[in-house]
Protein chains: 2
Amino acid sequence: MPSTDTTETARERILDTAESLFAQRGFDGVTVRQITSAARCNLAAVNYHFGNKKSLYLEVFRSRWVPRAKRLQAHFRANLADQASMRPDAAAVARSLAHTFLAGPMTDEERQRHHQLMSREMGRPTEAFQMVAEDVIRPFFKELAELLRPALPKTVDQEGLSLNLLSILALVLYFNFAREAVTRITGRKYDKAFKDRLVDHIVTFVRNGLGCERMQGEEVT
Amino acid sequence: MPSTDTTETARERILDTAESLFAQRGFDGVTVRQITSAARCNLAAVNYHFGNKKSLYLEVFRSRWVPRAKRLQAHFRANLADQASMRPDAAAVARSLAHTFLAGPMTDEERQRHHQLMSREMGRPTEAFQMVAEDVIRPFFKELAELLRPALPKTVDQEGLSLNLLSILALVLYFNFAREAVTRITGRKYDKAFKDRLVDHIVTFVRNGLGCERMQGEEVT
DNA sequence: TTGACAATAAAACAAATGTTTGATACAAAC
DNA sequence: GTTTGTATCAAACATTTGTTTTATTGTCAA
């Protein structure tokens, strides 16, 4: 639950509450009344401050999601510069990526919210996705590609690189999006041990994937 | 779109249409009116045949999702027996898994529906997930674990195995769940070439992951 | 004090939504 | 032919939901 102090303005409380609820239940799964009552303000406040429900949803991405994504990218660059001063190798990039997304500068609840929102947008893109893809995701992908190109063996093509980056994203998003289900299936809680292990797991995957992807081909019926 | 012949009974048409719409937009994103009008039947038909909307949703899983999941498991076993007569190695299991989930006995649209439904349930489990987890997913996980145990090096523990199986599941689900977004970000359509490459990619990941997961540990701040 | 403006509140509104009702058609059984 | 049970239909019902309206409060400047 977001902090709903009375010190915050109602507008801010609505944004926090809305982000949390939209992340948990999706746009259609949340009512304006649920948002305003959880934010302890009047029903009309949403329409007063944001015009309508859909605009509130977009504003959550503009004023909450995007800034956090940029903070994450900054953390990634700092972390990478820390461990690999000049030309980073593929393993270093993978490690910084995994660390940023899975252990980076967020509380665990914030990370879950962040990735749940993105997961929902990837499942059913709206205007919010358009904005986020152009302003945040695509530039970051390009940055990573240029960072990695000189570090990769020639056997790895552009497509292989894309697939691996997408797979990191997919795993990070999914292991956050599907926490409850993963816990139910495996019986494993999202404690520090499990999350550390997840980082290891993803780092290894990306490193192997980046370095030596091709195998002998797949042609079973 | 599901086949909405008039030869099918209304009940069947409702189930097909409902599965498709629930997969695309989720339970809250679909109205009973949308379902019945797409299935070309009366509004009251849903309540007549299924009691209420929620029961219809559960029935979609019971009479559509679960049988298809069992067909997939059968396909996996047959495919594995085909390529590895006695004791399958880890790579063979990985190959059969990827092939079953990504190219197996379904049309592409059916596969997308299947995995989208599961993705939504993993993001926000309902009664349907409980049923599916107990009756289908957990037994299959156990089967895979027992199949793999003798084929794995001793360095791989139970947790590593679980993580890799979950990761296959996550990648398969995600690359189906998020097709539209993946296409928008990468500019790549889900044509045969891309899907073949995905199979390769996942097979390699799992094989590497299963065989040699541990690396030198991750302790960047 | 007065006037202007931003914020909040309660109430009302119109449309959408899940569900129920009562009538009708139709086929099979007696 | 009558009855019985299933399926379909149009219409209505009761809530829920997003949005609007109107009034009130508090604050700051003139």
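- Rounding to whole angstrom units, CZ of residue B:F27 and P of C:dG18 are separated by 8 Å.
- Contact check on A:D28 versus A:R124 returns no salt bridge, with no Lys/Arg side-chain nitrogen under 4.0 Å from an Asp/Glu carboxylate oxygen.
- Donor-acceptor pairing under 3.5 Å is recorded for the side chains of A:R68 and A:H114.
- Between A:Y57 and A:F22, the ring-plane angle classifies as perpendicular under the 30° and 60° cut-offs.
- Salt-bridge check for A:D108 with A:K195: passed, with a basic side-chain N closer than 4.0 Å to an acidic carboxylate O.
- The interatomic distance linking A:K53 (NZ) with D:dT16 (P) rounds to 16 Å, in whole Å.
- Distance, B:R33 CZ to C:dT19 P: 11 Å, rounded to whole Å.
- OP1 or OP2 of C:dG18 has not a single side-chain nitrogen or oxygen of B:N52 nearer than 4.0 Å.
- The CZ-C1' distance, from B:F22 to C:dG18, rounds to 12 Å in whole Å.
- Atom CG in B:L21 sits about 13 Å away from atom P in C:dT17, given to the nearest Å.
- Classification of A:E146 and A:K142 as a salt-bridged pair fails, no side-chain N sitting under 4.0 Å from a carboxylate O.
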Worksheet item: With the sugar-phosphate defined as primed atoms, P, OP1 and OP2, and the base as all remaining atoms, what B/S/- string results for nucleotides 5-10 of chain C, 5' to 3', for protein heavy atoms under 4.0 Å?
Response: -SBBBB
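- Rounded to whole Å, atom P of C:dT19 lies 11 Å from atom CD1 of B:I35.
- Minimum interatomic distance between B:S162 and A:R188 (heavy atoms only, all atoms of both residues): OG-NH2, 4.0 Å.
- Candidate nucleotides D:dT19, C:dT17, C:dT19 were compared by shortest atom distance to the side chain of B:T31, and C:dT17 ranks first.
- We find that CD of A:Q34 is positioned 13 Å from C1' of D:dG18, with the value rounded to whole Å.
- Atom CG in A:L56 sits roughly 10 Å away from atom P in D:dT19 (whole-Å rounding).
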